[in-house]
Amino acid sequence: MLGLFKKKDRRLGSSSKRQYDIPLNKNDGADFLVLLIALMTFLAVLAMSGSFALSSMTKRWSSGLENKLTIEIPAEKSDGSLRSSEQIKGFTDKVLKSLEGNPGIKSAVMLEKDDIQELISPWLGDDMVLDDIPLPGLVSVELHVSTPEVLTGLAKDMALINDNIRIDTHETWLLSLLRVTGALQYSASFITLIIALTTIIAVAGGVRARMAIHREDVELLHLMGASDGYITKQFQRHALILAIKGALAGTIAGIIILLIINGVSGDAEGGMLPDMNLNAVHIVALIALPGFACLIAALASRFTVLRVLSAMP
Amino acid sequence: MLGLFKKKDRRLGSSSKRQYDIPLNKNDGADFLVLLIALMTFLAVLAMSGSFALSSMTKRWSSGLENKLTIEIPAEKSDGSLRSSEQIKGFTDKVLKSLEGNPGIKSAVMLEKDDIQELISPWLGDDMVLDDIPLPGLVSVELHVSTPEVLTGLAKDMALINDNIRIDTHETWLLSLLRVTGALQYSASFITLIIALTTIIAVAGGVRARMAIHREDVELLHLMGASDGYITKQFQRHALILAIKGALAGTIAGIIILLIINGVSGDAEGGMLPDMNLNAVHIVALIALPGFACLIAALASRFTVLRVLSAMP
Amino acid sequence: MIRFEHVGLRYGVGPEVLSDIDFTLEPGSFHFLTGPSGAGKTSLMRLMYLGRKPTRGLITMFGKSINQMEREQLASIRQRIGVVFQEFRLLPHLSAFDNVALPLRIIGRPEKEVQNNVDELLEWVGLGDYKRALPPTLSGGQQQRVAIARAVIARPKLLLADEPTGNLDDEIGVRLMNLFDQLNRMGTTIVVATHSQHIMDQFGHPRLALSEGGLKVEEKKHWIQKKIEGVF
Amino acid sequence: MIRFEHVGLRYGVGPEVLSDIDFTLEPGSFHFLTGPSGAGKTSLMRLMYLGRKPTRGLITMFGKSINQMEREQLASIRQRIGVVFQEFRLLPHLSAFDNVALPLRIIGRPEKEVQNNVDELLEWVGLGDYKRALPPTLSGGQQQRVAIARAVIARPKLLLADEPTGNLDDEIGVRLMNLFDQLNRMGTTIVVATHSQHIMDQFGHPRLALSEGGLKVEEKKHWIQKKIEGVF
Ligand SMILES: Nc1ncnc2c1ncn2[C@@H]1O[C@H](COP(=O)(O)OP(=O)(O)OP(=O)(O)O)[C@@H](O)[C@H]1O
Ligand SMILES: Nc1ncnc2c1ncn2[C@@H]1O[C@H](COP(=O)(O)OP(=O)(O)OP(=O)(O)O)[C@@H](O)[C@H]1O
Ligand SMILES: [Mg+2]
Ligand SMILES: [Mg+2]
């Protein structure tokens, strides 16, 4: 993969007759640095897109499925006796009032008999007459976001009204799933951060190691009266070329892997990539990533060389 | 983090009076190699445990929630007219018979009136009498595994009996979710593999780079009559110490991060770690990982040195 | 040109390698620097080419104290000094040609001038066939000649040569000493560190004699006197 | 001890640096190897210390053709050869002591013996105070003395010294040549490459004269004759 760039580099090198006094373009360890940067970029691309994919998955789930819940005032009390429809209506009103004051609630609608009939018609058929059946009070609630906090708050409010009131979140287990994906997403961002940090350390370390090999050459140039800029420029340029190679290779490899994964997860409705591809912010971030790696490499080399030089009289 | 191991290493070094002729224990680039191995191990630990966690999540979901579905023979035909309870019974029997011959089905039970009553009691109360209501035929089915293939097969079978029969998988969308996590898990294993490969390349590259620095020293020892084993041993031992440091640091860091993530995802029922901790195979794999990194480092150094030596007369 | 006043140098926490060095080199002078192995010849040169700062004392070069100079000024002073290092210090990945061309390129001379000057000088030191050779493929004496060529290519105001003929046979050694003499006549101040009694005798320049950290300047007349005394 | 028959050497695709070298060194002999810079002295030494294989011809060492030797045998032959490299080749991260001790450790001598022998030899070459010093902090001459000490510490059967006194003043140079003489009297075969007419004259050993790729053996009588002719 790295071989791809060799020819181009040679062409770059011949634009001026003589590029380096320090034999940086000789391959003692340069490939290694390229590989390192490629690897870091690759992993960062994967971690980042994983984070993005999780983010949009979480968003869709919590918006599509989760923001609705039903509050039920059962037709019978906990002791088994039936409530009158007036009692139920009273509770329902209280519940509605409490929900009105809650900023996390988008809408709350009491289900009328017709709605309930529709709800149970698959089992009982459309023609059933519900008049003489004691119906529970049902309130359909839509939330802005369903986070654990909102739900716990809601449960508390309801308990204040009557501890017999039940909250049905349709998919209670989905909540914990969301918590997991939230943690995963958090981890993915965290891993991206760690990768960025280690890239800095690793690239700086790699540059420093190469610098150590060439320390004597740098000192010699310094002793011959070469200015700090003259010397730094060579290292920086070199590091930049290596970083560009590595970052491009890593990004391309990462994108290929993403496409493959996308192909495998295939036409699953919950696929990862379709969402990611659409988001401009994410695309910009993915493009910025190799640029960032290059910046790190250039700066690391610059400061490493300057620090070595500043120790010379 | 790496500092932790310095003292120990020095102690190791003093077990014999003089360890290296080649100044490998001097720090020109060694820290860098340690960091690299630590990083690789760290990422591998994360990728591996991610893969494990996904695996057990997927398993639990598909077993706990997914293997049950309900087949419904509606009380009314598609044209709106009601079916007699005999007709419904007939269809139900056909369905049961078809299910018996299906190897993917664990159990199939026709729901009797009592079951249905229980099912709708939250809405209608326990005292309702269902005798004069036309009830749909309901068959509760439990599958061995619910894969898309099994479900499609089932749907075909039902359509053969009557195209009015509905299959209710409770959570159809969960299927696509499972497909996504399957892809994720596949990716995680894939990433682990890539990390292992790049570790090999990177460690070999790192060793080779250090080797290049010491090439002249190696040649000198060779010229003085040192045997290949004498020289190789020094490099291998050195690489091994570096790798042990790095691999330990990486594994520990990885486990710390996992514990943190576990803490964040907290007491969520769908937490990642609780499941992972229990599986002995996974624990062995996680312990084998740093060992593997060390092995790679030792072998890479051995073969790099041997190759350099074999080029000398 | 160069004035040392009470200059002392120690490496790290070691003993003082040079102590209380006092001397003045006039522009256009030519001195041998001599003394037993380990006396501090290379160390003294290191101070003169600004490779180290003295641990005490005052060094004045080109009429200005080096303590008062800015970093850029130091660089421009270094550009006017040519150095033949005892261990050559060629850049191993640059060809003989590029090694010799380096000082000209650092001061930004046009490439055409570089080509001509370097080609001519390499011919002159007998390395016309080795322009593209890398230093590790050159013999010891060939490397030393590259190092000498690199030191003189930019016509430095000050030339410091540390044991410049140690790896050369007498014929080519004398030839290069003559080159130094020629540069000296054109105004370059020269200091040559050497062990070779033979060379010092052949070229009768005044000597800076180092021993036990101290420096003694022996003017021409002085050591001729000593030599005559020794003979009789 | 050493027999070269029609030996030729070229580096890569370059011209033949050595061609048709024929000579025999008897055990216990002492030769100077001389010739102008670039004549191939170091290359010839390289063949003798098995640092390169000749591109043609036959080399017999210690009574056996080197082409027929196994890798282990080559290693054991190398252990019996001491080399002073022209560019010293000390291990920069090992102290002077450890550098000198290396040959003894490679052949697995007990540490106590190593300590005693190395200490004594370092004292003798005047580096008693520099045992713990790393080569880069030593002066050129000090490094050269470490290199010589390392070459002789294991009492080699064959000693090859390439320009061993180039960085040493006459006094210590003669002292080390006397050390070589002493080793020679105890049975070590010695070849010293040198440019120094002075040293060759002082120690009247036969010479191997290299020029233009060919080797001429000048026995003692022969070059004394030449010298006498030159004088008169
Ligand atoms: N970088 C250094 N660090 C510590 N000590 C040093 C360093 N360089 C030289 N020395 C010590 O300073 C003393 C003088 O060394 P220097 O190289 O100046 O001697 P010299 O006169 O050039 O000797 P030679 O003729 O052998 O080259 C020596 O004892 C040497 O060990
Ligand atoms: N590794 C090498 N690759 C290519 N050419 C080489 C190599 N080593 C030496 N040469 C060439 O072989 C020729 C002889 O070199 P050698 O070092 O043997 O000379 P020498 O007699 O030792 O000279 P000196 O007295 O200057 O040390 C020189 O022209 C040199 O350029
Ligand atoms: Mg010196
Ligand atoms: Mg030579």
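Order of the sequence lines fixes the chain letters, A, B, ..., with proteins taken first and strands second; residue numbering starts at 1 for each chain. All values below were derived from every heavy atom in this structure, side-chain atoms included, with hydrogens, water molecules and symmetry-related copies excluded.
- Taking the ring axis of C/Y49 as reference, the NZ or CZ atom of C/R78 does not stay both within 45° of it and closer than 6.0 Å to the ring centre.
- Using a 4.5 Å cut-off between heavy atoms, C/R71 contacts chain A through its side chain alone, with no backbone atom that close.
- Heavy-atom minimum distance, C/L50 versus C/I66: CD2-CG2, 3.7 Å.
- Judged by the 6.0 Å distance and 45° axis criteria, A/R302 is not positioned over the aromatic ring of A/F235.
- A salt bridge links C/E123 and C/K131; the closest N-O separation between the charged side-chain nitrogens and carboxylate oxygens is under 4.0 Å.
- A salt bridge links C/D98 with C/R105: at least one charged nitrogen is closer than 4.0 Å to a carboxylate oxygen.
- For a heavy-atom cut-off of 4.5 Å, chain A lies close to C/R150 in residues 143-168 of chain C.
- Atoms CE and NE2, from A/M224 and A/H222 in turn, are 13.0 Å apart once rounded to the nearest 0.5 Å.
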